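Fair warning: this is a prediction, and the values are worked out from it, not measured in the lab.
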Amino acid sequence: QVQLVESGGGSVQAGGSLRLSCAASGSSIYYMGWFRQAPGNVREGVATISPRGDWTNYADSVKGRFTISRDNAKNTLYLQMNTLKPEDTAMYYCAATSKVVWPSMLLTLESYNYWGQGTQVTVSS
């Protein structure tokens, strides 16, 4: 069983930075990802990373601003978010999957079977 606990959210002004963390148990062999959901919107994929951390993929809206990484020795997933914009405001969720999934599908909700409770990120203009 995989348990995921996010932290690091908060309030920041536009242009600022935040780093989210996700403490994970039993997930070093899994693909992992970050998703976000703003009020009234569907949950969308932000970034994903391979089990060894040697492959990543990003949503177009965050490319060049966000960086996903993982430290398997610490069982921790990270999301470094720079140059934040008000439209980045959302609840951010950590996810892991034990499914066999095409890499092109790893930014979709259906690819993941383990989820954290989320951490709120608010960006003011």
Straight-line distance of Ser125 OG to Glu87 CD, nearest 0.5 Å: 10.0 Å
Nearest heavy atoms of Thr89 and Gln120, plus distance in Å: CG2-NE2, 4.1 Å
Pairwise side-chain contact, Val62 with Arg36, heavy-atom cut-off 4.5 Å (strictly under): yes
Between CD on residue Gln3 and CG on residue Asn75, distance to nearest 0.5 Å: 12.0 Å
CA sep, side-chain torsions, deciding dist, call: Trp55, Thr48, side-chain contact (heavy atoms from CB on, under 4.5 Å): CA-CA 8 Å; Trp55 176 86; Thr48 182; 3.7 Å; yes
Distance, nearest 0.5 Å, that separates OH of Tyr112 from CZ of Arg43: 12.5 Å
Atom of Ala38, atom of Ala90 and distance for their closest heavy-atom approach: N-CB, 3.8 Å
Parallel, tilted or perpendicular: rings of Tyr92 and Phe66 (30°, 60°): tilted
Between CZ on residue Arg70 and CG on residue Asp54, distance to nearest 0.5 Å: 10.0 Å
ILVMFWY cluster, Val5 and Ile68 together (side-chain gap under 4.5 Å): no
side-chain contact (heavy atoms from CB on, under 4.5 Å) evaluation trace for Met32 with Leu4: CA-CA 10 Å; Met32 298 186 73; Leu4 305 171; 3.8 Å; yes
Thr97 (side chain) donor-acceptor with Ser111 (main chain) under 3.5 angstrom: yes
Gap separating the OG atom of Ser50 from the OH atom of Tyr31, nearest 0.5 angstrom: 5.5 Å
Residue pair Ala96 / Val2: nearest heavy atoms and the distance that separates them: CB-CG1, 4.3 Å
Common cluster, Leu107/Leu77, ILVMFWY with side-chain heavy-atom separation under 4.5 Å: no
Rounded distance [0.5 Å steps], CD in Glu6 versus CG in Leu20: 8.5 Å
Qualifying residue, where the test is side chain to side chain contact (heavy atoms under 4.5 Å, CB included) with Ser21 and the options are Thr76, Asp71, Leu79: Thr76
Identified side chain to side chain contact (heavy atoms under 4.5 Å, CB included) partner of Tyr78 from the options Lys74, Gln80, Met81: Lys74
Backbone N/O of Pro51 and side chain of Asn72: donor-acceptor pair under 3.5 Å: yes
Short side-chain to backbone donor-acceptor contact, Asn113 and Ser98, under 3.5 Å: yes
Residue pair Ser17 / Asn82: nearest heavy atoms and the distance that separates them: OG-OD1, 3.0 Å
Heavy-atom closest pair, residues Ala59 and Gly45: CB-O, 3.4 Å
Basic-acidic side-chain contact under 4.0 Å: Asp88, Lys85: no
Full working for side-chain contact (heavy atoms from CB on, under 4.5 Å) between Cys94 and Trp34: CA-CA 5 Å; Cys94 172; Trp34 287 99; 4.0 Å; yes
same_hphob_cluster(Phe35, Trp102) at 4.5 Å side-chain heavy-atom cutoff: yes
Worked verdict on Leu106 versus Asn57 for side-chain contact (heavy atoms from CB on, under 4.5 Å): CA-CA 8 Å; Leu106 283 166; Asn57 193 26; over 6 Å; no
